[in-house]
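Here the structure comes first, spelled out in structure tokens, and everything after it is commentary.
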Amino acid sequence: MRVVDEYVVRPWGLYVARPTPGRAQFHYLESWLLPSLGLRATVFHFNPGHERDQDYYLDVGEYTPGPTVWRSEDHYVDIVVRTGTGVALTDVDELLDAVRDVLLAPRVAEQAVRRAVAAVEGLARNDYDLCRWLAGNGMELTWRGP
């Protein structure tokens, strides 16, 4: 169980903002779960000395809304977004290891790759601006800020 400062439910996603006690790298995170895209978009609020060259971190997975509980399943591959600059696809090795070790079915891994490619293409068409890309898909993201 984790303390959550704010939940916001929209027809297209769920926003969660919460502190992250005990984490050396960051002290707070904000995430939007976006089921139709198979993405979780996160802003990390880094502690001094642990800053990273990223604006958003996208986890590819399965995000399933429910009336009182949302379920999430990480599919290992991630995308680091640098607004206006580009993206980096990360942890593909973890995805392949998960398939090899039978932790993830090949069809699920294929879907993860397709979702990652679609996200990279969407971001590229929008100058690597996550909020602009998603707004064009009817998803208006809001963030608390630092």
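For the numbers below, each heavy atom of this structure counts, side chains included, while hydrogens, waters and symmetry mates do not.
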- Item | Donor + acceptor pair across side chains of Glu6, Tyr15 (<3.5 Å) | no
- Query: Which residue pairs pass the side chain to side chain donor-acceptor pair (under 3.5 Å) test with at least one member in residues 95-107, sequence neighbours excluded?
  - Reply: Asp97-Arg100
- Note on the structure: Contacts of Glu110 meeting salt bridge (Lys or Arg N to Asp or Glu O under 4.0 Å) (sequence neighbours excluded), chain-then-number -> Arg114
Side-chain ([X]) to main-chain ([Y]) donor-acceptor, under 3.5 angstrom:
X: Trp133; Y: Val120; value: no
X: Arg40; Y: Ser31; value: no
X: Arg115; Y: Gly61; value: yes

Nearest 0.5 angstrom please: [X] [atom1] to [Y] [atom2], how far?
X: His75; Y: Tyr63; atom1: NE2; atom2: OH; result: 8.0 Å
X: Leu141; Y: Arg10; atom1: CG; atom2: CZ; result: 10.5 Å
X: Leu123; Y: Leu134; atom1: CG; atom2: CG; result: 7.5 Å
X: Leu34; Y: Leu130; atom1: CG; atom2: CG; result: 8.0 Å

- Message: Would you say CZ of Arg71 has more than 12 non-hydrogen atoms from neighbouring residues, nucleotides or ligands within 6.0 angstrom?
- Response: no
- Message: With heavy-atom distances below 4.5 Å as the criterion, would you say the side chains of Tyr28 and Arg144 are in contact?
- Response: yes
- Note on the structure: Smallest heavy-atom separation, Ala116 atom then Ile79 atom, equals O-CD1, 3.8 Å
- Message: So that I know where these two stand, are Tyr56 and Trp143 an aromatic pair - ring centroids less than 6.0 Å apart?
- Response: yes
